[in-house]
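Please read the structure below before turning to the comments.
It should be emphasised that the depicted structure is a prediction, and the values quoted were computed from it without experimental measurement.
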2 protein chains.
Amino acid sequence: MSRPREFDVDRALHQSLEVFWTKGFKSTTFEDLTHATQVKKQSLYCVFKNKRDLFLKALALYREERIAFLEEMASREVSPLEKLEVICDYSQYQNKETCRGCFMANSAMEFGNDDQEVYHEVSLMFERVECILEKIIREGQEQGLVTNCQSSKELAAYLNNAISGARYMERAGASNEQINAVLHTSFTLMLAKNAR
Amino acid sequence: MSRPREFDVDRALHQSLEVFWTKGFKSTTFEDLTHATQVKKQSLYCVFKNKRDLFLKALALYREERIAFLEEMASREVSPLEKLEVICDYSQYQNKETCRGCFMANSAMEFGNDDQEVYHEVSLMFERVECILEKIIREGQEQGLVTNCQSSKELAAYLNNAISGARYMERAGASNEQINAVLHTSFTLMLAKNAR
DNA sequence: CTTTTTCTTGACTTGATAGTCAATAATAAC
DNA sequence: GTTATTATTGACTATCAAGTCAAGAAAAAG
């Protein structure tokens with residue numbers, strides 16, 4: 001009955017995510033988005049309420065994709081140590097030459113915690129990631145590979161924090177070697193003595 | 001010969017720093033600055049070339065003050081462990097109720113590493129902080145208090161990263177307990193076995 | 001082929017904000 | 001007191017970006 005949409009909404013969302021990730025919310029103009037998506041302004045406005053709405057949807061998409069990756073990783077049939085090693089391997093985070101850090105962390109930094117919706121996304125991500133990490137760490141502890149001096153929960157928060165820091169280093173322009181070194185140290189220190 | 005300035009430049013700079021720290025560069029309007037400093041627009045423009053110049057000077061001021069604090073701490077006549085404990089004590093970072101994180105980290109996040117001048121400030125800060133941390137850690141290692149499994153340089157980068165992560169958590173709205181727990185875990189894991 | 005519906009397009013509006021200008025005020029040197 | 005110099009002030013300008021509007025285009029249904 002009606003004229004069908006000519007552009008792929010999901011594709012446009014992914015492209016917008018890339019832009020927001022690289023430039024942040026404030027620095028991204030709507031023109032940047034129309035340019036990246038090759039979709040005209042009004043067409044985007046038809047689907048997404050406004051720039052902020054598009055941003056929030058991109059943020060949620062990012063979270064879902066990250067979590068999906070981590071969950072897939074967690075469910076693999078390999079030793080918990082190997083899982084942690086992959087998670088602590090910086091090269092897995094780094095795509096392209098752009099040092100854009102973690103989109104979620106960048107957004108948390110940009111908005112602070114006074115923006116309810118962004119804050120909600122960030123918390124959600126935090127919780128989910130820590131939960132997955134904790135499960136892997138618990139496995140590692142049960143197998144005597146990870147130190148028992150701290151609880152799995154403490155270590156999960158610890159590791160998550162180390163990764164956040166690393167993403168910050170990335171954003172701040174640190175070299176791959178520096179970042180990898182830090183993650184490796186953080187990883188090593190949480191191992192049981194006999195597993196080092 | 002001429003009419004003297006009525007406002008204290010240094011005081012205005014400090015006040016501007018507060019605003020930039022809380023809101024970031026982009027989100028701070030010049031009006032915010034005139035309001036915070038109670039100095040009229042043109043008077044600020046007389047002293048500082050523009051908003052960006054004022055921002056960069058605030059950033060440098062922040063770095064100097066942080067470094068001064070850490071250096072004072074490093075030179076105290078207490079055990080290296082005590083020094084590290086103070087540095088890892090989140091309550092020392094936290095002022096007011098505002099969760100504004102580390103101004104340097106926030107700025108690094110906001111600008112990415114494509115802005116040369118901001119990047120320079122951030123790198124400078126990084127290097128200086130790590131250098132101070134390394135010195136304390138080396139002391140700790142010599143006294144058998146800090147693990148020798150990693151070099152002092154590695155551990156300094158590690159600790160700096162953990163602190164960055166913690167400031168990010170702060171910005172992202174984590175509770176004091178959560179932040180303290182993470183820092184405490186990071187601190188504990190770098191201790192020698194007998195010092196735990 | 002006509003009608004209906006929704007997409008597309010570019011021009012337009014509105015609002016915010018960085019930075020400028022020119023008139024005025026205040027002070028120190030002479 | 002006069003003059004020269006610089007600070008102060010508020011109005012002004014220019015720019016840019018988000019969001020709106022209305023006309024036109026395209027497709028599906030009958």
Would you mind listing every salt bridge (Lys or Arg N to Asp or Glu O under 4.0 Å) that reaches into residues 32-42 of chain A, with sequence neighbours excluded?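 Salt bridge (Lys or Arg N to Asp or Glu O under 4.0 Å) check on residues 32-42 of chain A returns A:K23-A:D32.
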Under the salt bridge (Lys or Arg N to Asp or Glu O under 4.0 Å) rule, what pairs show up with a residue in residues 53-62 of chain B, not counting sequence neighbours?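 Counting only pairs at least two positions apart or across chains, the salt bridge (Lys or Arg N to Asp or Glu O under 4.0 Å) contacts touching residues 53-62 of chain B are B:D53-B:K57.
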Please identify each residue that fulfils side chain to side chain contact (heavy atoms under 4.5 Å, CB included) with A:H14, with sequence neighbours left out. A:D10, A:L61, A:E65
Check the distance between D:dC21's P and A:K40's NZ and give it to me in whole angstrom. 21 Å
Between B:F48 (CZ) and D:dA7 (P), how many Å, whole number? 13 Å
Once each nucleotide of nucleotides 17-22 of chain C is scored for protein heavy atoms under 4.0 Å, what B/S/- sequence comes out, 5' to 3'? SBBBB-
Which donor-acceptor pairs under 3.5 Å do side chains of residues 125-133 of chain A form with protein atoms, sequence neighbours excluded?
| from | atom 1 | to | atom 2 | distance (Å) |
| --- | --- | --- | --- | --- |
| A:R128 | NH2 | A:E71 | OE2 | 2.8 |
| A:E130 | OE2 | A:N160 | ND2 | 3.4 |

Tell me, please, which residues at least two apart from B:E121 pass salt bridge (charged side-chain N to carboxylate O under 4.0 Å, His left out). B:R63
Taking OP1 and OP2 of D:dT8, is either one under 4.0 Å from a side-chain nitrogen or oxygen of B:S43? yes
